[in-house]
Amino acid sequence: MCKITTALFDFDGVVADTEPLYDIFWNEMAKIYHLGIPEFAAKIKGTTLSFIFKTYFSSFPEEEIRKIAFASTEYELKMDFPEVSGSVNFIERLKERNVRLGLVTSSSSVKMQVALKKMGLEGLFDTVVTADEITRGKPDPMGYLLAAKNLQSAPTECVVFEDSFAGIQAGNAAGARVIGLSTTNSSDSIRDKVYTVIPDFRQPECLLKLFS
């Protein structure tokens, strides 16, 4: 078994406890635009904005798409970014151990600059891969493969921390070991898809052993 040298984190629902805030926004958009999709926010977890527009809003005029994109950006920039319990401390402890750190998110670079500053995480990640750096979002493994390449790590050296079905699928497809957080989906629904399930990072010792 390969030595684990690298930790790759999704952001929303893994580092930041923001998924409930996105639920409010996207369920409201689904209502306003009469998409007729119950629990729309749950359906799009982990996907990029471009995927959402292409898949669910393609019949709307470009002007409406721009309005939604602007509203989404405005909403994100005003958001608070509460941490998933223990996530910041866990990332800092990995940094102290010289573990290579990557962030792989379906969010934009603009949002991530704001979010990382608000959370005090600026400069901790050795690479940040956002939706702006890739052409195929989760569940495609492109983002995780790019992060591993940027860190000069083989995918088999990487542990991926994910919460969404799309993200878990991407991590597995990349060839990494995936640890699922039950912040967005239930433990039972993701258990058979990941190496192990954790509720948060409040008990980091067993996770740190993976990197020893």
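Here the structure is a predicted model, which means the values were calculated and not measured.
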How about K111 and T73: do any of their side-chain heavy atoms sit closer than 4.5 Å? no

Rounded at 0.5 Å granularity, tell me how far CD in E19 sits from CZ in F11. 10.5 Å

In short, M142 meets I134 closest at the heavy-atom pair SD-CB, 3.9 Å

Is any side-chain heavy atom of T183 closer than 4.5 Å to a side-chain heavy atom of D200? no

Taking every heavy atom of V15 against every heavy atom of M119, the minimum-distance pair comes out as O-CE, 3.6 Å

Kindly work out whether a path of hydrophobic side-chain contacts (I/L/V/M/F/W/Y, heavy atoms less than 4.5 Å apart) joins L101 to V160. no

List in chain and number order the residues that pass salt bridge (Lys or Arg N to Asp or Glu O under 4.0 Å) with E64, two or more places apart in sequence or in another chain; answer none if no residue qualifies. K67

Are L94 and L208 side-chain neighbours, meaning at least one heavy-atom pair lies under 4.5 Å? yes

Any Lys/Arg nitrogen of K45 or D23 sitting under 4.0 Å from an Asp/Glu carboxylate oxygen of the other? yes

Looking at CG of N98 and CD of E96, how far apart are the two atoms once the value is rounded to the nearest 0.5 Å? 9.5 Å

Please determine whether residues V178 and F211 belong to a single hydrophobic cluster, defined as Ile, Leu, Val, Met, Phe, Trp and Tyr linked transitively by side-chain heavy-atom distances below 4.5 Å. no

With respect to E157, which candidate in R177, K3, K149, R100 satisfies the salt bridge (charged side-chain N to carboxylate O under 4.0 Å, His left out) definition? R100

Qualifying ring pair (Phe, Tyr, Trp, His ring centres under 6.0 Å) pairs, either residue in residues 131-161, two or more places apart: F9-F161, F90-F161, F161-F201

Just to verify, what does E133 make a side-chain hydrogen bond (donor to acceptor under 3.5 Å, both in side chains) with, not counting sequence neighbours? T130

Y195 meets the side-chain hydrogen bond (donor to acceptor under 3.5 Å, both in side chains) criterion, sequence neighbours left out, with none

Residue pair Y56, Y33: steps toward the ring-ring contact (aromatic ring centres under 6.0 Å, His included) verdict: CA-CA 10 Å; Y56 301 103; Y33 288 92; over 10 Å; no

Checking side chain to side chain contact (heavy atoms under 4.5 Å, CB included) for the pair S72/L49: CA distance, chi angles, key distance, verdict? CA-CA 9 Å; S72 173; L49 200 57; 4.3 Å; yes

Across all chains, not counting sequence neighbours, the side-chain hydrogen bond (donor to acceptor under 3.5 Å, both in side chains) partners of T18 are D12

Can you confirm whether S87 sits close enough to V14 that some side-chain heavy atom of one is under 4.5 Å from a side-chain heavy atom of the other? no

Should the ring pair F60 and F57 be called parallel, tilted or perpendicular, given that the plane angle runs from 0 to 90° and is split at 30 and 60? tilted

Partners of D140 by salt bridge (Lys or Arg N to Asp or Glu O under 4.0 Å), sequence neighbours excluded? R136

